[in-house]
Structures are given as structure tokens and as C-alpha cells.
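Report on the following structure.
In listed order, ligands and their atoms are each counted from 1. The structure displayed is predicted, hence computed values, not measured ones.
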Amino acid sequence: MLDFSEMMLQERQLLSSESSELAGKLRVIAGEQGVSASPVDRLATCRDYWPMGSLWFLEGKAPALPDLVVWPADTAQVAAVLALAGEHGVPVTPYGEGSGALGGAIPLRGGIVLDLKRMNQVRELDGENLMVTVECGLNGALYEEHLNRRGFTGGHIPQSIRCSTVGGWLACRAAGQFSSRYGKIEDMVVALEAVLPDGTVFSGRRVPRTATGPRLDHLFIGSEGALGVITAATLRIWPCPEERSLLSFAFAGLEEGLEAARLIIRAGARPAVVRLYDYAETGHHFPEVKEAGGRCMLILLIEGDRRLAAAETQMAREAALAHGGVDTGCGPVEHWLERRFNISLASKLFRQGAVVDTIEVSSTWTGAAPLYRAMQEAMLAVEGTALASGHYSHVYPEGAALYMTLCGFPPGEKADYYKRIWSAAMETCLSLGGAISHHHGIGLHRGLWMEQEHGGAGLEALRRVKQALDPGAIMNPGKLGLEEALEWRK
Ligand SMILES: Cc1cc2nc3c(=O)[nH]c(=O)nc-3n(C[C@H](O)[C@H](O)[C@H](O)COP(=O)(O)OP(=O)(O)OC[C@H]3O[C@@H](n4cnc5c(N)ncnc54)[C@H](O)[C@@H]3O)c2cc1C
């Protein structure tokens, strides 16, 4: 019988008298239906997709429960909730769809979870100027569908598109599968509307570019709920592509595939999808492609204007063949397109007692292959690790993202193993000059390495920004490495 009475990371909770008094005031703001103290709602918003949270949940333990869940209907309600929380010194944790991978949405100190899903309106679609303004709680798949029906694409297709929000993408600096052409989410931002912790609402200007000093709204990109709440965003959009071409090549090794990808991007071609798999992942994803056996598969998807796509296709093909790539046709890309949202294997492995996770980092082209080899070696050296495989995706003129997948059957405590394998991966990444995250963000767990990532002075400066905007420290406490999480240390 799972009773969820054990909370693994909870640092504080309100007294029940405090919670009832606060609930009454919140109902005046968000209405009777907009506030809940019920156990089921508190459980539903107490975690995200961070594997430790899921592992505890399967054992009937919660990471940490909020005291109250609030569903604001608009920006004014968000502002009023934050102002009230500030007066009472109550923590507020913004919540999109809880697909974050690092524990960012766990309400470590209880208080209010601000679930933003009711804020899901498309405010304005400006086809002439290729911009759309939407509210933060809009589901990713509904966002893209809304645009597609009108002849546009948002160009942001993360694997979690069906279970994440636009606000969550911005808060975490997300990357979609088509990022090599359309950019990461930060490349798509025209302007943001946000609410500061004291309830002040501000909006960035919806103009193409500015040279008007630092952009306060852009400071909220990657802020992970620690500086305030992103309530709406104006993002770039594109006309739906006229042409799409699918190519794949099998290479003798990762180095050859990386070199082909580097030269394609260096020449100015911008395939939307560039994915290069190591031997293990090539074998797992493409067992039916005979020529890929014992090789590393590169898949490319090029789209856009017909003439540009034709030129880019030719450039990509020439670079791949020049580096020994064996042409394996469009089949592998079609296979990837069909399966790209499927994560059922990870769910099965969790239930069989495995610890499964993914770790995405980024590096320059020079460091790309050494980083993969060193991270794989360090992760496999941790007792209990059964698999540490990887692929590259999200490529830039200066480098690429490396996405490692791990699976372990730990001999002892799962949390100990989890910390050990992450330490091995993060320390190796840092020692070889990689960035500790490319797109999943920091949340709770990666905060353990924020000082090494930013340097002492850099992290201290970020802490001062936080202190200036949120002097009462109500916004998502214990995250982004801005302060220590008392129950989750190295
Ligand atoms: C199966 C799977 C696949 C994934 N694939 C990808 C992928 O392809 N690319 C990628 O980048 N990520 C991916 N992720 C990670 C995750 O989907 C992203 O981090 C996503 O951006 C989180 O969105 P969300 O709405 O679920 O946010 P949540 O998980 O609810 O919140 C994430 C963080 O943002 C804060 N937050 C949420 N909304 C707001 C807001 N409006 N204002 C301020 N702070 C806010 C929260 O407090 C929390 O700290 C994947 C996750 C899963 C489980």
C-alpha cells in the first residue's frame, strides 16, 4: 500500500492553520476552483520527471509536498498571488507540466505550487511579421498544432512536446529536435512578459532587435522559476517548410561522422535535424539497416524553401560521402520520425528496478569525441552501470551537444548510485571543458555543480541578481544552485 507519508526532500511545511488562512486569501484571488489543499492535487504537483523523484514515487514516497496548489487564470492573478506570498513569506514554485528532468519543480519548502496550465491562450498570431504571442501554460503540442493549422511552425519540437509548456521551455532553455535550423528556445524569443516576486508585471518590447541596455525580459530565459514567473512570450515562427529531404549515412566511427557534420555546418548548410549515434545506439535504433552494422549512423533532415533545401541536401551528401559515409537512404530517418516520441523502454526498465537517466552536455567540435569517450569510460567504471551510450545532436558552427543515456542496476541504495554516476559524468565533463547542461537545465540536482560551471565569482553574481529581485527568497527556493538544498547534497 503506497501512502506517500514519507517525504524525502521536504525542508519546511506550513502549519495547517497557516495553510487554511492562506487558502482563504488565495481563493479571493483565483476563485474557489483555482485553489486546492487536497492530497491528490498536492501529490500530482510534487515532482517532475527527475528519475530520483520517479524512483521514490514507485516506492510510495514523495520528494516534497506543496501545502497548496493554485491555478491562476491570468497575469493579474499571478501578480496578486506572488504579492500575497511575499507578504506571508511563503515559497512559490511555478509548475508547467512537470516534464523537467532535474527536480526543478519539486516544492522543497512546501508553500504554493503555481500550476500555470489554465494560462493557455494564443493572444496574437502575426503572420506578416512572423511572431506569435502565447500564454505560458500552453501545451507544446497544442502550440505547434495551432501554428500548423495556419501554415506556420514554431520550429521547437522537443521529445516532450506533448507533456511540456511554452513557459517551461523558456524557463529551462530547452532545445527541440529541429534546433540545428530553428535554434534553441532562447534563439526564438522576441519578448517576454513576466511577474517579479513582488507582483510587478513587466513586458519586453515586441520589436526585432534592441540596443537599449540589458533586456530584463531575456534574463528570465533559463531562470527556472527562481526569479519570478514568465506569464507570456512572443516567439518567432516560420512558414511551414515547402520541401523536406531525409538522408542517412553510416560511418566507420564517431570521428568520421563528427567531421562530416562539422563541415556541413561550417559551410553554412542548416539541416533541421543532425543526429549521430555511437555503435550501441546505432545497433539499438537501426537493427534492420544492414550497412549500419558495426558503424555509427548519421541522420539528417533538411527542410525549408525548395531551392535552399536542394542546395543544402547536395552539400550534406557531398560532405558525408567525402568522409566515408555509406549512403543508407531515407529509411532510417523515416524510422526515427515514427519513433521519436517513444520512451516506453525507460518506463519498463524503471519498473524492473533499474536506474535510467539521460545527461546532455555541450562541447566544441575539438572536444566532442574525447568528451564522449571520457564520459562513457567514467560512467561505466561506476559499479552497477550496465549501459552508457551516446549520440550527438543540436549542432552549431562552434560545436555540438552530447546526449548520454545510462542504465544501471545498483548494488546498494539507488540514490547513492545515482549521485555517484552523475558525479563521474559531471566531473569528467567539467575537466574536459564541456558545459554541464545543453538543454535540460539545472533544477535541483545539477545545482551541485553550478559553482564549478560558473566559477565562484560568476555564481555569486547570479546570487546577487536573485537577492535583488527576490529579497524574500520566495521563488522556487533551493534551485539553480543559488542556495543549498538541505536534503540533497553531493
Ligand atoms: C520524455 C522527455 C523528453 C524530453 N525531451 C526534451 C527535449 O527534447 N528537449 C528539451 O529541451 N527538454 C526535454 N525534456 C525536458 C523537459 O521537457 C523540459 O525541461 C521542459 O522545458 C519543461 O517544461 P514543463 O512545462 O514541463 O516545465 P516544468 O517541469 O513544470 O518546470 C520546469 C522548471 O521551470 C519552472 N517553470 C515552469 N514554468 C514556468 C514559468 N511559466 N515561469 C517561470 N518558471 C517556470 C519550474 O518551476 C521548474 O523549475 C524532456 C523531458 C522528458 C520527460
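- Atom 29 (O) of ligand 1 has as its closest protein heavy atom Gly100 N, 2.8 Å.
- Contacts with ligand 1 closer than 4.0 Å are made by side-chain heavy atoms of Tyr49 only, the backbone lying farther away.
- Cation-pi geometry between Arg340 and Trp336 is met: under 6.0 angstrom from the ring centre, within 45 degrees of the axis.
- Thr364 contributes a side-chain N or O that, together with a main-chain N or O of Gly367, makes up a donor-acceptor pair within less than 3.5 Å.
- Using a 4.5 Å heavy-atom threshold, the side chains of Leu170 and Leu235 count as touching.
- The single protein non-hydrogen atom nearest to atom 15 (C) of ligand 1 is Ser99 O, 3.6 Å, given as residue, atom name and distance.
- The shortest N or O to N or O distance between Val229 and ligand 1 is not below 3.5 Å.
- Scanning all protein heavy atoms for the shortest distance to atom 41 (N) of ligand 1 gives Ile230 O, 2.9 Å.
- The proximity of Asn476 to ligand 1, defined as any non-hydrogen pair under 4.0 Å, is limited to the side chain.
- In this structure, Lys419 is positioned above the aromatic face of Trp488, its NZ or CZ under 6.0 Å from the six-membered ring centre and within 45° of the axis.
- Between Ala175 and ligand 1, at least one N/O pair is under 3.5 Å apart.
- At under 3.5 Å, not a single nitrogen or oxygen of Asp48, backbone or side chain, sits near a nitrogen or oxygen of ligand 1.
- Among Gly137, Ser223, Gly167, the residue whose heavy atom lies closest to atom 39 (C) of ligand 1 is Gly167.
- Aromatic ring centres of Phe57 and Phe350 lie farther apart than the 6.0 Å criterion allows.
- Within the structure, ligand 1 has Cys163 among the residues with a heavy atom less than 4.0 angstrom away.
- Between Glu224 and ligand 1, at least one pair of N/O atoms sits closer than 3.5 Å.
- Contact annotation for Cys172 and ligand 1: only side-chain heavy atoms (C-beta onward) come within less than 4.0 Å of the ligand.
- Here Ile343 has side-chain heavy atoms under 4.0 Å from ligand 1, and that is the only part of it that gets that close.
- Looking from atom 21 (O) of ligand 1 to the surrounding protein, the closest heavy atom is Gly168 O, 3.2 Å.
- Heavy atoms of Thr231 found under 4.0 angstrom from ligand 1: none, in either backbone or side chain.
- Side chains of Tyr418 and Arg420: no donor on one and acceptor on the other come within 3.5 Å.
- Of the protein's non-hydrogen atoms, the one nearest atom 25 (O) of ligand 1 is Thr165 OG1, 2.7 Å.
- Numbered from 1 in the order shown, with element, the atoms of ligand 1 that lie under 4.0 Å from a heavy atom of Gly104 read 48 (C), 49 (O).
- Residue contacts with ligand 1 include Gly228, since one of its heavy atoms falls under 4.0 Å from the ligand.
- Looking only at distances, a side-chain donor or acceptor of Asp278 sits under 3.5 Å from a matching main-chain atom of Gly390.
- Between Arg446 and Glu224 there is no salt bridge, since no side-chain nitrogen of the basic residue lies less than 4.0 Å from a carboxylate oxygen of the acidic one.
- The contact set between ligand 1 and Trp169, taken as ligand atoms under 4.0 Å from a residue heavy atom, comprises 21 (O).
- For Phe152 and Trp238, the gap between ring centers reaches or exceeds 6.0 Å.
- Between the side chain of Glu97 and the main chain of Thr165, no donor-acceptor pair closer than 3.5 Å is present.
- When the side chain to side chain contact (heavy atoms under 4.5 Å, CB included) test is applied to Ser36, the partners found at least two apart in sequence or on another chain are Ser38, Asp41, Trp71.
- Checked against a 3.5 angstrom limit, the closest N/O atoms of Ala174 and ligand 1 fall outside it.
- Side-chain contact, Tyr417 with Thr385: a donor N or O sits under 3.5 Å from an acceptor N or O.
- Contact annotation: for Ala171 versus ligand 1, heavy atoms closer than 4.0 Å belong to the side chain alone.
- The shortest N/O to N/O separation between Gly176 and ligand 1 does not fall below 3.5 Å.
- Separation of the His438 and Tyr396 ring centroids falls under the 6.0 Å cut-off.
- Polar contact check, Ser164 against ligand 1: no nitrogen or oxygen pair lies under 3.5 Å apart.
- On a distance-only criterion, Cys136 and ligand 1 share no N/O pair closer than 3.5 Å.
- Look at Glu193 and Arg205 and you find no salt bridge, because none of the NZ, NE, NH1 or NH2 atoms lies under 4.0 Å from a carboxylate O.
- Taking the centre of each ring, His285 and Tyr277 come in below the 6.0 Å mark.
- Residue contact check for ligand 1: Lys479 places no non-hydrogen atom closer than 4.0 Å to it.
- Selection from Ala105, Gly140, Ser437, Pro51 by nearest heavy atom to atom 31 (O) of ligand 1 gives Ala105.
- For ligand 1, the atoms lying closer than 4.0 Å to a non-hydrogen atom of Pro158 are 7 (C), 8 (O), 9 (N).
- In terms of protein heavy-atom proximity, atom 28 (P) of ligand 1 is closest to Gly98 N, 3.6 Å.
- Nearest to atom 2 (C) of ligand 1 among the protein's heavy atoms is Ser160 CB, 3.9 Å.
- Of all protein heavy atoms, the one lying nearest to atom 8 (O) of ligand 1 is Gln159 N, 2.8 Å.
- Ligand 1 places these atoms under 4.0 Å from at least one heavy atom of His440: 12 (N), 13 (C), 14 (N), 15 (C).
- Take Thr45 and apply the side chain to side chain contact (heavy atoms under 4.5 Å, CB included) test, not counting sequence neighbours, and it matches Pro66, Val69, Tyr95, Val113, Asp115.
- Side-chain atoms of Glu281 and Tyr403 include no donor-acceptor pair closer than 3.5 Å.
- Residue Thr93 has no nitrogen or oxygen atom sitting less than 3.5 Å from a nitrogen or oxygen atom of ligand 1, judged on distance alone.
- Formation of a donor-acceptor pair under 3.5 Å by the Glu360 side chain with backbone atoms of Ser437 is not found in this model.
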